[in-house]
K.L.:
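Have a look at the structure that comes next, please.
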There are 2 protein chains.
Amino acid sequence: MANKSCIIRLSRYRNALMRLKALNFVKVFSENLADAARVTAAQVRKDFSLFGISGNRRGGYLVEELLEQINRVLGKDKLQKFIVVGVGNIGRALLNYPGFKKNEIELVAGFDIDASKHNREAEVPIFLLEELNDFVKDNGIKFGIISVPDFAAQQILELMIQTGIRGILNFAPICLKEPEDCVIRNLNFETELENIIYFTNVTEKTEVR
Amino acid sequence: MANKSCIIRLSRYRNALMRLKALNFVKVFSENLADAARVTAAQVRKDFSLFGISGNRRGGYLVEELLEQINRVLGKDKLQKFIVVGVGNIGRALLNYPGFKKNEIELVAGFDIDASKHNREAEVPIFLLEELNDFVKDNGIKFGIISVPDFAAQQILELMIQTGIRGILNFAPICLKEPEDCVIRNLNFETELENIIYFTNVTEKTEVR
DNA sequence: CTATTTATGTGAAAAATATCACAAAAGACT
DNA sequence: AGTCTTTTGTGATATTTTTCACATAAATAG
């Protein structure tokens, strides 16, 4: 079965393919995608084989066709709607991030407990937290982003699950537990920076000798 | 040798320990940390053993002591300074993110090619891109964050490396190549969301049968 | 039309990572 | 002081993930 890294790689291949398509490329080889995603060519082919994606021996892959197949795997054949709970620094940045729209991902609304952030008229409207339940149910939203402070995260999680949300990206700096039949990815900026700090120091040390 | 996931886990243990410390906890067991980081207790102990971190048989670990040891591994025994290149949505959100300060990470300056974002007087000053080289060299900065649009990322990377930066977190939606003796972590919001979409759909499907 | 070249697709092998399971240490209890 | 209980620390084992290597298919050249 596909694991997380495998799906990350598929996203990266897709990314590269989109660029190639924009440049009117027709064919691509596993080697090229490997370069773009910083992996080996064998890995690319193994990944494809896992999803029954196949190309042409000696001929590589057709960009258009491959893209379509990856899109199907990644659920990019239809628009996926997310809501954002917590319109602070990060929440706002995400809501304004222009990269999503062109990739079948749409952040359709923000929610915040603070009434001063409330704004029904904005391009992406910001509602009060109380309105979350109705909005999610009325619009059949399946995905959400948590960008509230750590102390509120667990409670927001429970609320989101109750409303019917099934996939969550959590930016709050606390590791949320994945409930049954729900997917959570915990992403923490500090942790990311600490990773960089650690490996930069290790690299330096090994470089010396 | 320690791998990336291992360091992520250490960060999570640390996070939990900070909370425990704030609650005046003195002791902690591998089991507790496992719960906090969503892993097994054996994993926690294995991770510690890798870094020669040890506790007391039957007595668990002393919160204070353990925290100190993890801090040493993660380079938290001194303040680590980062600069941010690209003061758009994400760059600005990071610069304003309050979580870093209390954890020995400081974003000390932003840089942008757009003069209208220039602001020497802000709490965290925003300089022109031209000033990057001098600033990094004068202040001995080792770490940076890239939050520019995709088309500019490669060029900014090269510039940053030239100035002497050795560890980079890249938010631009393109997979940057790690040059010799430099550490890069590529983080892409879309990719993260695509991951959630995929696994949420898979979970649903497996739930059905 | 045959030989040659070049990529794919995939079992088999290797490497990396996580779990198990249990001996050893140390506090607790009698 | 001795027994019991609990939790660590870690080899051994299992699992997961990646890489290798090569048979296979298709295009091209002679």
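Because the structure is predicted, anything quoted here is derived from the model rather than measured. Order of the sequence lines fixes the chain letters, A, B, ..., with proteins taken first and strands second; residue numbering starts at 1 for each chain.
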K.L.:
Starting at CG of A/L62 and ending at P of D/dA26, how long is that distance when rounded to a whole Å?
P.N.:
14 Å
K.L.:
For a quick test of reading the model: is some side-chain N or O of B/R58 closer than 4.0 Å to OP1 or OP2 of D/dC4?
P.N.:
no
K.L.:
Below 3.5 Å, does any donor atom in the side chain of B/K46 face an acceptor in the base of C/dT19, or the other way round?
P.N.:
yes
K.L.:
Rounded to whole angstroms, how far apart are CZ on B/R45 and C1' on D/dG11?
P.N.:
13 Å
K.L.:
Quick one: CD1 on B/I53 to CZ on B/R45, what's the gap to the nearest 0.5 Å?
P.N.:
14.5 Å
K.L.:
Check the side chains of A/Q154 and A/E158 for a donor-acceptor pair under 3.5 angstrom, ignoring hydrogens and angles.
P.N.:
yes
K.L.:
With respect to the phosphate group of C/dT17, does any side-chain polar atom (N or O) of B/Q43 fall under 4.0 Å of OP1 or OP2?
P.N.:
no
K.L.:
Under 3.5 Å, is there any donor-acceptor pair linking the side chain of A/R57 to the base of C/dT6?
P.N.:
no
K.L.:
Could you state the atom-to-atom distance from CD of A/E31 to C1' of C/dT8 in whole Å?
P.N.:
12 Å
K.L.:
Nearest heavy atom decides the nucleotide; on that basis, is B/I53 or A/R9 closer to the 5' end of DNA chain D?
P.N.:
B/I53
K.L.:
Closest-nucleotide mapping onto DNA chain D: is A/D47 or A/K27 further toward the 5' terminus? I mean the 5' end.
P.N.:
A/D47
K.L.:
Looking at every strand, decide which applies to A/F48 at a 4.0 Å heavy-atom threshold: base, sugar-phosphate, or nothing.
P.N.:
nothing
K.L.:
Would you say B/N3 places a side-chain N or O within less than 4.0 Å of OP1 or OP2 belonging to C/dT17?
P.N.:
yes
K.L.:
In terms of relative ring orientation, are B/F82 and B/F143 parallel, tilted or perpendicular, with 30° and 60° separating the classes?
P.N.:
parallel
K.L.:
Nearest to the side chain of A/S5, heavy atoms from C-beta on, is which of D/dT7, D/dG9, D/dT18?
P.N.:
D/dT18
K.L.:
How close or far is atom C1' of D/dT10 from atom CZ of B/F51, stated in whole angstroms?
P.N.:
16 Å
K.L.:
Does C/dT19 have OP1 or OP2 under 4.0 Å away from a side-chain N or O of B/T40?
P.N.:
yes
K.L.:
May I ask you to test the A/V39-A/Y13 pair for a side-chain heavy-atom distance under 4.5 Å?
P.N.:
yes
K.L.:
Side-chain N or O of A/S30 versus OP1/OP2 of C/dA7: is the shortest distance under 4.0 Å?
P.N.:
no
K.L.:
Could you give the OH-to-C1' distance, from B/Y61 to C/dA25, as a whole number of Å?
P.N.:
13 Å
K.L.:
From C/dT8, D/dT10, C/dT10, pick the nucleotide closest to the side chain of A/S49?
P.N.:
C/dT10
K.L.:
Let me know which of A/I184, A/I165, A/I168 forms a side chain to side chain contact (heavy atoms under 4.5 Å, CB included) with A/I146.
P.N.:
A/I168
K.L.:
Nearest-nucleotide wise, let me know which of B/N56 and B/K4 is further upstream toward the 5' end of DNA chain C.
P.N.:
B/K4
K.L.:
Can you tell me how far P of C/dG9 sits from CD of A/Q69, to the nearest Å?
P.N.:
10 Å
